[in-house]
Amino acid sequence: MPLLFYLDDPRRLRGLLSSCAAPRTLARLHALLIVSSASHQLLSSLAAAYARAGDLVAAESTATAAATASSSIAAWNAIIAAHSRRGSPAAALRVFRALPPAARPDSTTFTLALSACARLGDLHAGEAIKDRACEAGYKDDIFVCSSLLHLYARWGAMGDAVKVFDRMPRRDRVTWSTMVAGLVSAGDPLEAIDMYRRMREDGVEGDDVVMLGVIQACSATRDVRIGASVHGHLLRHGMRMDVVTTTSLVDMYAKNGLLDVAHRVFGLMVHRNVVSWSVLISGLSQNGHADEALHMFRKMQTSGLLPDSGALVSALLACSDIGYVKLGRSIHCFILRRLEFTCILATAVIDMYSKCGSLTSAQMLFNRIGGKDLILWNAMIACCGAHGRGQDALTLFQEMNKTGIRPDHATFASLLSALSHSGLVEEGKLWFHRMVNYFKIKPVEKHYVCLVDLLARSGLVEEANAIVKSMEAVPTVAIWVALLSGCLNNKKLELGESIADHVLQLQPDDVGVLALVSNLYAAAKKWDKVSEVRKLMKDTGSKKVPGCSLIDISRTRHTFMMEDQSHPQHHEILKMVAKLDFEMRKMGYVPRTEFVYHDLEEEVKEQLLSYHSERLAIAFGLLNTSPGTRLVIIKNLRVCGDCHDAIKYISRIAEREIVVRDAKRFHHFKDGACSCGDYW
DNA sequence: CGGTTTTAAA
C-alpha cells in the first residue's frame with residue numbers, strides 16, 4: 001500500500017513507525033509527515049524509530065523538532081537508550097543533560113541515565129540524577145531503584161546499595177539479581193548466596209540472570225560444594241541453561257580446580273562461543289596445565305572460531321607459564337595483523353615477554369603503545385624489576401607520574417620489589433615513605449614484605465626488625481619470612497632463631513617456609529630443632545622439593561638437578577664446574593658454606609655448593625654457547641646466597657649475561673618432577 | 001508500553 005494512504009490513519013501510521021527499521025522508508029515517512037504537518041506525537045515516534053534504526057543524528061534533530069510537546073520524552077528516551085546500547089554512555093548522558101525544558105524526564109529517562117552512569121562509573125553524576133528523580137516523584141519506582149542499586153553496587157558503594165534496597169517497597173527479580181551480582185563484585189560471595197536464599201524465602205523464583213550471579217558467587221567462595229548443588233538445582237528444575245550460564249559453570253569448576261568436571265560440562269555444551277573456550281583455557285593454565293590449555297587453544301581455532309582478545313589473553317597467560325615464547329610471539333604477530341592493540345592485550349603480551357625472559361621485546365612493544373593505562377605501566381615496571389633493572393623501573397615510574405596517571409598500591413608493590421631486587425636501599429626507603437605520606441596509600445602486606453626484604457637483604461636487619469615491630473597490623477608469615485631470610489643471609493642467628501620459633505608457632509603449611517626455618521636452625525647448629533622441623537615437614541606430607549634448573553639451548557630444554565648424573569655431558573659439565581671454581585677463587589670468591597644446611601665437613605659443604613643445580617645448568621650453558629650470549633636459567637627454588645655471588649663471578653669470567661628466573665609457576669617442577677616441555 | 005540485571009582475560 002502506498003505510504004500516502006497512511007496519512008488518514010494516525011494509529012496505523014504509528015504502528016508502521018514503531019515496526020519500521022529501514023532507513024529509506026523512514027526518510028520517506030519523514031517527508032510525508034512534514035508535508036502533512038503531522039502531530040508532535042507522530043514526530044516523536046519517528047524520532048524513536050530513527051534512534052532504533054541507529055540514525056542518531058536524524059533522531060536528535062527530529063526529536064528537537066517535536067520537543068515542544070510534552071509527550072516528546074519518549075523520543076528522547078529512545079535516543080538515550082540507543083546511545084547507551086551503542087556503547088557511548090557519555091553521549092547518552094550528554095543528551096539527558098541537554099533535554100529541552102519542555103521535555104519532562106519520566107521514569108524511563110531516569111532509569112536510562114542512571115544506567116549510563118553505571119557504565120561510566122560516575123557515582124557523582126548518578127547522585128545528582130537520583131536527586132532529580134526523587135524530586136520528580138520517582139523515589140520508589142522499581143526501575144529507577146534497580147538501576148540506582150546497580151550503579152552503587154557496581155562501583156563499590158555497597159553500603160548505599162543496601163540502604164536503597166532496604167527501603168524499596170517492592171522488589172522483583174531484577175532487584176534481587178542486581179544485589180546478588182553487586183555483592184559478588186564487592187567481594188562478598190557468601191552474602192550474595194544469602195541474598196539468593198532471602199529471595200527464595202520471599203517467594204521469588206530464580207531466573208537465569210540470578211543463577212548466573214549465584215554461580216559466580218560459588219566460584220568466588222572457593223567452595224565447589226555449594227556450586228555443585230546450584231548446578232544440580234538448575235538441572236532438577238529444568239532451568240534455562242544457555243551458553244552464558246553453562247560457560248559460567250565451566251568457569252566455576254575450572255577456577256576451583258575441578259578440571260575434569262569442567263571438561264565434562266564443556267563437552268556437553270551444545271553451543272560454545274569464544275568465551276566458553278576462553279574460560280576453559282584460562283582455568284587450565286591457572287591450574288598449572290598450560291600445555292593442555294594451549295592444546296585447547298589450537299582446538300578452538302580448528303573448530304572454526306577466531307580468537308578474540310579474551311581468548312588471546314588466556315593463551316598468552318599459558319605461554320608465560322611454560323615460557324613458550326615462540327607461540328607468544330606468534331600471538332603478538334596475530335594481534336598486529338588482525339586486531340587493535342588495546343591496553344589489555346598489550347599488558348598480556350608484555351607480561352608474557354617478561355615471564356619468558358625477553359625484556360627487550362617487552363620494552364619495544366611498550367614504547368609503541370599510545371594512551372597507556374595504569375595497569376600497562378604497572379606491568380612494565382614489574383617487568384623491569386623481574387629482570388633486575390631497578391633503576392629502569394624507577395625511571396619508568398617517574399615518567400608515568402609525569403603523564404598524570406596516579407600510581408596505585410600495585411604500582412608501589414612492583415616498584416618496591418624492583419628496588420629491593422636491585423639493592424637500591426635508599427630509593428626503596430624513600431619511595432615507601434612517599435607512598436605513605438605523599439600518595440596517601442596505606443601500606444599493606446606486600447609493601448611491608450618488599451620493604452623488610454629490601455632492608456634485610458642489604459644487611460640492615462635491625463632496621464627491618466624495627467619496621468616489623470612498628471607495624472600497625474599483625475605481621476604475617478610472609479613478612480616474618482622476609483626478615484628471617486635476611487637473618488640467615490647476614491648471620492644474625494640469634495634474632496633469626498627467635499623469629500624461626502615464632503614462624504613455627506604460626507604453623508606454616510608451606511614447604512618453602514619450613515625449609516627456610518630448618519635452614520636457619522641448621523646455620524645456628526641447633527640440630528635437634530632441625531630434625532624437629534624435618535619431622536614436621538614429613539608429617540604434613542610435604543617432602544623437600546629438590547632444587548632444579550632449566551636452560552634452553554637451541555630450542556631444546558635441558559634440566560639439571562643437584563647431584564644428577566644422567567646428563568650425557570655430565571663429565572664435561574663437572575670439569576667445567578671445577579674450572580670455574582678455580583677461576584673464581586683466583587678472583588676472590590670464597591664459598592659461603594653457611595648455605596649448606598647439613599652437618600658436614602667444610603670441604604664436603606664446598607663441594608655440595610658447586611653442585612647446586614643452577615651451577616650445573618650454567619656450566620652446561622657455557623659449554624654450548626659462545627661469549628656474548630645471554631643465558632636464561634629457570635629455577636624452581638630461590639637462589640642461595642652463595643650461588644648469587646658465584647653467578648656474578650662467572651658472568652665476568654665467561655663474558656655472558658646470566659639471568660636466573662624464578663619458576664614457581666612452572667608445573668614441570670611439581671613434586672620435583674622436571675619434564676621437558678613439548679614445545680621446544 | 002518501555003526502561004533496570006547478563007559469562008573470561010592484564
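Letters go in sequence order (proteins before strands), and every chain restarts at 1.
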| request: Could you check whether L112(A) gets within reach of a base, just the sugar-phosphate, or nothing at all, counting any heavy atom under 4.0 Å? | output: sugar-phosphate
| Do W76(A) and T109(A) come within less than 4.5 Å of each other through their side chains, counting heavy atoms only? | no
| Which nucleotide sits closest to the side chain of D351(A): dG2(B), dA10(B), dT5(B)? | dA10(B)
| Any side-chain heavy atom of L112(A) sitting closer than 4.5 Å to one from F96(A)? | no
| Expressed in angstrom and rounded to an integer, what is the separation of D242(A) atom CG from dT7(B) atom C1'? | 9 Å
| said: What is the distance, to the nearest angstrom, from the OH atom on Y152(A) to the P atom on dT5(B)? | reply: 16 Å
| Rounded to the nearest Å, what distance is computed from the CG atom of residue L312(A) to the P atom of nucleotide dA8(B)? | 17 Å
| Any side-chain donor near an acceptor of the partner, S276(A) and N273(A), under 3.5 Å | yes
| query | Nearest-Å distance, CG (L284(A)) to P (dA9(B))? | reply | 13 Å
| If you check the T347(A) side chain, which of dA9(B), dT5(B), dA10(B) turns out closest? | dA10(B)
| field | Euclidean distance, atom CG of residue L305(A) to atom C1' of dA8(B) [Å, nearest integer] | value | 14 Å
| task | Give me the residues of residues 114-151 of chain A where at least one heavy atom lies under 4.0 Å from an atom of DNA chain B, by number, or none. | result | S115(A), F143(A), S146(A), H150(A)
| task | Quick one: do R368(A) and F341(A) satisfy side-chain contact (heavy atoms from CB on, under 4.5 Å)? Show the steps, please. | result | CA-CA 10 Å; R368(A) 296 188 53 176; F341(A) 245 119; over 6 Å; no
| Looking at side-chain heavy atoms only, is the closest gap between L123(A) and D160(A) below 4.5 Å? | no
| task | Residues of residues 184-205 of chain A with any non-hydrogen atom less than 4.0 angstrom from an atom of DNA chain B: list those, numerically ordered, please. | result | none
| said: Rounded to whole Å, how long is the line connecting atom CG of D208(A) with atom C1' of dT5(B)? | reply: 10 Å
| task | Could you tell me whether N378(A) contacts a base, only the sugar-phosphate backbone, or nothing, with contacts defined as non-hydrogen atoms closer than 4.0 Å? | result | nothing
| message | So if I take every side-chain heavy atom of V209(A) and compare against dT6(B), dT7(B), dA10(B), which nucleotide ends up nearest? | response | dT6(B)
| request: Give T247(A) one of three labels, base, sugar-phosphate or nothing, depending on what nucleic acid heavy atoms sit under 4.0 Å from its own. | output: base
| message | Whole angstroms only, please: what is the CD1-P distance between I331(A) and dA9(B)? | response | 16 Å
| message | Would the distance check show the side chain of H447(A) and the main-chain N or O of H409(A) forming a donor-acceptor pair, the cut-off being under 3.5 Å? | response | yes
| field | Minimum-distance nucleotide to L212(A) side chain [options: dA10(B), dG2(B), dT6(B)] | value | dT6(B)
| Nucleotide of dA8(B), dT4(B), dA9(B) approaching V313(A) most closely (side-chain heavy atoms) | dA9(B)
| Between dT7(B) atom C1' and H271(A) atom NE2, what is the distance in whole Å? | 13 Å
| task | Remember a base hit wins even if backbone is also touched, and classify V275(A) as base, sugar-phosphate or nothing at under 4.0 Å, heavy atoms. | result | base
| Is there a side-chain contact between L235(A) and M241(A), using heavy atoms and a 4.5 Å cut-off? | yes
| V244(A), nearest nucleotide to its side chain (from dA10(B), dT7(B), dG2(B)) | dT7(B)
| note | When every non-hydrogen atom of M400(A) is compared with those of R406(A), the smallest separation belongs to CE-C, 4.0 Å
| note | Tightest non-hydrogen contact, residues S314(A) and S285(A), listed as O-OG, 4.2 Å
| task | Ignoring backbone atoms, test whether K255(A) places a side-chain nitrogen or oxygen under 4.0 Å from the OP1 or OP2 oxygen of dA9(B). | result | yes
| Which of these nucleotides, dA8(B), dA10(B), dG2(B), is closest to any side-chain atom of Q216(A)? | dA8(B)
| task | Assess whether ring-ring contact (aromatic ring centres under 6.0 Å, His included) is satisfied between W277(A) and F266(A), documenting all intermediate values. | result | CA-CA 8 Å; W277(A) 286 91; F266(A) 179 82; 4.9 Å; yes
